[in-house]
Amino acid sequence: MLLSYLRERLRLTGTKYGCGGGGCGACTVMVSRYQPGTKTILHFSANACLLPVCQLQGAAVTTVEGIGNTKTRVHPVQERIAKAHGSQCGFCTPGMVMSMYTLLRNKPQPNMEDITVALGGNLCRCTGYRPIVDGCKTFSPESNCCQANGNGAGCCLNGDSSPERSENLPPQLFDQEDLLPLDPTQDLIFPPELILMAETEPQVSQLFRGERMVWVSPVSLEELIQLKTSHPQAPLVMGNTNIGPDIKFKGAWHPIIISPTRVQELFEVTKTPQGVCIGAGCSLSVVKALLEGLVQEIPEEKTEIYRSLLQQLGNLGGQQIRNVASELSVVTIFIHFIYSVQEILLNKDFFVGFGKTSLKPDEIVLSVFIPVSRQGEFMRAFRQAPRKENALATVTTGMRVMFTEGSSVVKELSIYYGGVGPCTVSATKTCAAVIGRKWDEQTLSEAYTQLLDEISLSPSHPGGQVEFRRSLTLSLLFKFNLQMLHKLWEMVWTGSLFAQLAAYLANLKFGTWICQSGDDPVGRPIMHRSAISQATGEAVYCDDIPKMDGELHIVLVTSTRPHAKILDIDISEALQVPGVVDVITSKDIPGKKFRTFTGIDEDILAQNEVSCVGHMVCAVVADTRKQAKRGAALVKIGYEDLPGPVFTVEEAIEKQSFFLPQRMIERGNVDEAFDKVDHVYEGEIRLGGQEHFYMETQSMVVVPSGEERELKVYLSCQHPTYTQESIAETLGIPSNRVSCHVKRVGGAFGGKVTKTSIIACITSVAAWKTGRAVRCVLERGEDMLITGARHPVLGKHKVGFMNDGRIMAADLHYYANSGNTADESLLVSHSSSKILLHLDNAYNVPNLRGRSVACKTNLPSNTAFRGFGVPQSMLVTENMINDVAMKLGCNAEEVRGQINMYKEVSLTHYKFEFDPKNLLRCWDECKEKSDYGSRRKSIAQFNQQNRWKKRGMATIPIKYGIAFSDGFLNQAASLVHIYKDGSVLVSHGGTEMGQGIHTKMQQVASRELHIPASLIHITETNTSAVPNTCPSAASFGTDANGMAVKDACETLYQRLEPVRKQNPEGTWQTWVKSAFIQKISLSATGYYRGHDLHMDWEKQEGQPYAYYTYGACCSEVEVDCLTGDYRTVRTDIVMDIGRSINPSVDIGQIEGAFIQGLGLYTMEELKFSPSGVLYTRGPSQYKIPAVCDIPLQFNVYLLSGSDNPHAIYSSKGIGEPVLFLGSSVFFAIKDAVAAARVEAGMVGPFTLDSPATPERTCLACNTPFTQKIPASKQGSFQPWALNIP
């Protein structure tokens, strides 16, 4: 593939590996081709991971390195994304840059819809997308228009340039006046030699022979037919969006592949009055552009089919996929196609199975004919998918009706569904029952009954969601009915999703912040120090390190059984694979064969038993990754299954399968209080797990030095010291022989601590045994399988409350699905429990009890994730509050803020005193800035007027404890060198993961040394420079390391005091030189002891946190009750983060955490098979938020006038707290669902588990269509997926 060719052969490492399946956009490049017929150059973005190099004859490929770099000239796209603070960890940035760059090559002045479409195929896990769009929209002439900002009155287009407008604008995080202009004349030209080659050299067939495969590229239709006749089983590859992933992920093998991308007949387009004939090889983007043109050219009544296809094309895949995928990927219904000399109807008989058609093996599709609509013909296509864009549909449908002229009698009807069978399904019987009858309520009612009988699914249907899928067949038909009755149906969101985003993305606001005076760098929105190099592709990540001489690659072999004894490991066949050097098993480990974390041992490699699918058993070491992967597939492990695997918390409770100890905390007398309240209510909520989905997978390179048993380890991790200790103990050597180097981390979120250290130990054993450097880079599927996720939790509550809403007693139980090993589960659930210590959130409940259990199951062990148990804990609490409000029939915000929130200096349930003043300020300001009161009334009015759409709103507070409750983890150290030329090198113990810690440390050093930040450099985190570091976690990295850097810089500045007094008119450089001559040390260590925090679980009291970060968030959603789809209409966040060291970095953390929380609570689902196999192993199955999921209005405000004496410069930690505020969207959805249930005659509390996916939301709305679906009897079938937790 092009990706490996770029990275390994050409050493162009700016193009990143993110998923290998075209789902994340990290590998985006621009492909340019000359079109001899039109003498034009076509530029399009593409995923390098799917693009075969042998398909690129005659094409020019532009990577991020080719458009600009810091040594010559940075391209405006690179500069603007960087200066708009759109690059945090930076791993996704080159892909974002190339998507936008390609758009600008085709359209130098794009509109906002163009931008959102271009970025639709790129994922980012850090930023929340706003700053990326912010930087890109500076290229759009719409971005500065008053109308685009929601201010049509007195618009600048009308010549109104009143000064009041600029004064009322929100503060800007970057200066748009200080940006390089876009000059298309400076872009790279298309190579003239390729133009000459295209116009003069005859096209000849190409044949490429690989090690196991032959690739043939014919140039004529005749040759193509001959090849297909000779090799009928050979697949045809156009965009490689289907065959490529099958080869990579499913192990498919094809001896011969035919690529007809140069057969011109497959790309011909013919327009006729009856319709358009499109060559079968045309890409989806070409088809889309063609249909868009036709819609504008021909009468509207003839465009029904074209408009329906455009609606589908706009949602299918990302832009990169649409640019290369051929038209046949989405051939739907009601269209003809021609092959050979035949013309056949694409109908119910064409599709015969999953991915199979009635075509014979030696037949090919030449073209597709799409007719114009006829008079009285009405057609619509609908789809429901886990994500609004770039996601495979759960159910898709095409419906067409034609009426007898002048009446409502149905003359023709076609209804087809996808997602409810192995192939496209025709509702033939339903159509026959309707044809010839009037289209009315009675007819449709009978059609629903017929449809239920005709479209049936087994309860164990692959993909699950059986009730949801069946209800969608009915509700989508009902939607079609509504749209048929009036095309401008008021319940359909007007315009496309991208058009909505375009209208709102410029309308993002930010609150004020207080900057320091003069040249003080602290308090200013300074760009991430590596943003430019990340945007140019020059930033070096672990796998970008050049290959070393003799370097080997390692691939892990994991268990395929959830609970079994290992009988034997046969590596003989693996060792016979050319290039395979060795296979590492537990017997090869010279030192400790296990790691001990929280007092419980975990094998580095399984020795006698495996306890989950994905348990690491051994590892194959080879010259190349492909060879290692081939060898790994040949390792044969003999198993003896053990009885009774445990997968869910219910099974763990039944079998008492827990990690000990269990914890309980209580204040007051809960049981006694229950006897004195007006109401007692019990409920529960299930919260699913969440994959970290850091863009850079687990990566490391271990290099033996060759002497004195030294190892250099280059890796992507949050806790290099722990990895250093782990490797040393595994190899049986002192820690001073192992140095760990972390340049930067492409995202972590808690997932690069424990499992990273174990994988590093395995890699180190391989390097130790072979004496050669060994590289380990997990593929996305391996990473998701092995490394665990956020803990799924079952939360139960019993709450006692009064008629006025006062909660007097609450008893909460948390059951966390920890997986097969303890990992960090005891820390998450109870040992230093974030769950139990945050169960009060912002509420003063006089009698409160919490119990937490870490359940031991046979799933991959779960681990730390941003929030460390708090998002699970608080969701249960807020759900309890919600149930109280619903039980009393009052507003949940009243129960939260007016009645139960902490109001004055108070004690928490662990007897820690705090002042909630800023918590209350955040709450009040959030309600004020969100215009909560008037919008609540508008929502009530909207819900009265709309039956099938409902809006909901929720405001959620947070009180989040900062720092480690184990006090020893709060210390930090630093090392600062001043060189004779005045430049400064800072080292500290924090790792740069995108959170901007290096940028903030640079600001700290700049302030303390009174020098420009340009003189200060931070190269990496290195255990040889700063030993005994603590993890970069708990939102405490800046607090601890900032104080350590400050300490070192203060020492140095004091040492220079005599020199400054001797020469007060001197410069920094002259003072430094003079100090060296006077033998004054220009190097200093800094140290910060940290807070002495503790928690005494026996006494149930302590000070586990240094301080609290407060906030509040109000979100409004609109829910489609028929499909469960929702749209976040608006979000307002107010955060108390003290005095921000860098507002742009902190706002980026707020937005990124919120969007990650939105994903946790509304869309991200981990699916396991009944035998414990993880289904969701990549972006095609696991959906994180994309640019289409940004709230249509997203306002962030920083609380003014806040001080924090417990942290550096009065700032506050912000990395984790805001993630929980994503639950405001969850509770807004629940509010909307409650409104829908009222119309179904259902009031009071109800269960809505998290995430609130379209499936759960739709079923909870309890529409007449969901009521028609008979529920499958539990226990009578085996479900497709487990209900985790």
Side-chain angles (χ1 to χ4, degrees), residues 464 562 611-614 645-654 657-659 684-693 749-751 784-797 812-830 833-835 851-877 879 1156-1157 1159-1170 1172-1177 1181-1184 1219-1220 1222-1223 1226 1247-1253 1255-1256 1279 1281-1285:
S611 52
C612 74
V613 175
V646 175
F647 298 123
T648 67
V649 295
E650 286 88 352
E651 292 171 342
I653 293 169
E654 179 185 348
S657 178
F658 306 132
F659 290 108
E684 70 176 42
I685 187 170
R686 307 174 78 92
L687 174 68
Q690 183 181 29
E691 163 62 29
H692 299 85
F693 213 95
F749 314 114
M784 293 182 72
L785 176 67
I786 293 170
T787 60
R790 185 188 298 280
H791 291 74
V793 166
L794 169 63
K796 297 185 177 184
H797 67 260
L812 297 99
H813 293 244
Y814 299 91
Y815 300 92
N817 193 324
S818 300
N820 68 320
T821 66
D823 201 279
E824 297 193 57
S825 297
L826 296 179
L827 301 181
V828 170
S829 64
H830 47 267
S833 178
K834 287 272 194 175
I835 283 185
R851 285 173 272 205
S852 183
V853 178
C855 300
K856 183 179 181 180
T857 64
N858 294 112
L859 297 179
S861 66
N862 292 304
T863 187
F865 197 145
R866 194 179 202 168
F868 210 70
V870 176
Q872 299 98 312
S873 174
M874 289 185 177
L875 184 76
V876 178
T877 302
N879 191 60
Q1156 199 170 65
L1160 167 64
Y1161 296 117
T1162 69
M1163 62 191 301
E1164 297 183 39
E1165 277 193 294
L1166 290 166
K1167 296 284 191 178
F1168 290 89
S1169 77
V1173 178
L1174 180 66
Y1175 286 133
T1176 46
R1177 298 196 202 178
Q1181 304 98 9
Y1182 185 83
K1183 298 301 177 185
I1184 69 171
L1219 186 139
F1220 172 68
S1223 69
F1226 172 88
T1247 298
L1248 179 64
D1249 291 328
S1250 173
T1253 58
E1255 175 190 15
R1256 290 193 174 112
L1282 295 169
N1283 187 17
I1284 303 295

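Atoms considered below: every heavy atom in the structure, side chains included; atoms not considered: hydrogens, waters and symmetry mates. Just so we're clear, the structure is a prediction, and the values are computed from it rather than from any experiment.
Side-chain atoms of Leu687 and Val876, non-hydrogen and from C-beta on, never get closer than 4.5 Å to each other. Contact annotation: the side chain of Gln872 approaches that of His791 to within less than 4.5 Å [non-hydrogen atoms, C-beta and beyond]. Tyr815 places a side-chain heavy atom less than 4.5 Å from the side chain of Val853. Proximity of Phe865 to Pro871: side-chain heavy atoms (C-beta onward) are nowhere separated by under 4.5 Å. Inter-residue side-chain proximity for Thr787 and Thr863 is flagged as unmet; no heavy-atom pair is nearer than 4.5 Å. With contacts defined as side-chain heavy-atom distances shorter than 4.5 Å, the pair Glu1165/Arg1256 qualifies. Using a 4.5 Å heavy-atom cutoff, the side chains of Tyr1161 and Pro1251 are not in contact. Phe749 is not listed as a side-chain neighbour of Arg790, based on a closest heavy-atom distance of 4.5 Å or more.
Applying the side chain to side chain donor-acceptor pair (under 3.5 Å) rule to Glu1255 yields the partners Gln465; only residues at least two apart in sequence or on another chain are considered. Partners of Tyr1182 under the side chain to side chain donor-acceptor pair (under 3.5 Å) rule, at least two apart in sequence or in another chain, are Glu1164. The side chain to side chain contact (heavy atoms under 4.5 Å, CB included) test applied to Pro1170 returns Tyr1175, Gln1278, not counting sequence neighbours. For Lys856, the side chain to side chain contact (heavy atoms under 4.5 Å, CB included) partners two or more places apart in sequence, or in a different chain, are Ser657, Phe659. Applying the side chain to side chain contact (heavy atoms under 4.5 Å, CB included) rule to Pro860 yields the partners Cys612, Phe1168; only residues at least two apart in sequence or on another chain are considered. Qualifying salt bridge (charged side-chain N to carboxylate O under 4.0 Å, His left out) partners for Glu651, counting only residues two or more places apart in sequence or in other chains: none. Considering only residues two or more places apart in sequence or on other chains, Pro792 meets the side chain to side chain contact (heavy atoms under 4.5 Å, CB included) condition with Asn817, Asn862, Ile1284, Pro1285. Not counting sequence neighbours, His692 has no partner by the side chain to side chain donor-acceptor pair (under 3.5 Å) test. Asn820 is linked by a side chain to side chain donor-acceptor pair (under 3.5 Å) to Ser611, counting only residues two or more places apart in sequence or in another chain.
The CE atom of Met874 lies 9.0 Å from the NZ atom of Lys834; values are rounded to the nearest 0.5 Å. Taking OG1 of Thr1162 as the start and NZ of Lys1183 as the end, the distance is 14.0 Å to the nearest 0.5 Å. Note that CG of Asn879 and CG of Asp1249 are 8.5 Å apart. Values are rounded to the nearest 0.5 Å. The CG atom of Leu1160 lies 13.0 Å from the CD1 atom of Ile1184; values are rounded to the nearest 0.5 Å. Separating the CD1 atom in Ile685 from the CG atom in Leu1248 is a distance of 7.0 Å, to the nearest 0.5 Å. Here Phe868 contributes atom CZ and Ile835 contributes atom CD1; the two are 10.0 Å apart, rounded to the nearest 0.5 Å.
Looking at Thr1176, its side chain never comes within 3.5 Å of a backbone N or O of Leu1166 through a donor-acceptor pair. In terms of modelled atom types and a separation under 3.5 Å, the side chain of Gln690 and the main chain of Gln1156 share a donor-acceptor contact.
Salt-bridge annotation for Glu650 and Arg686: present, with a side-chain N of the basic residue lying under 4.0 Å from a carboxylate O of the acidic one.
Closest approach of Tyr814 and Thr877 over heavy atoms only: OH-OG1, 3.7 Å. Gly1172 and Phe647 get closest at one heavy-atom pair: CA-CE2, 3.7 Å.
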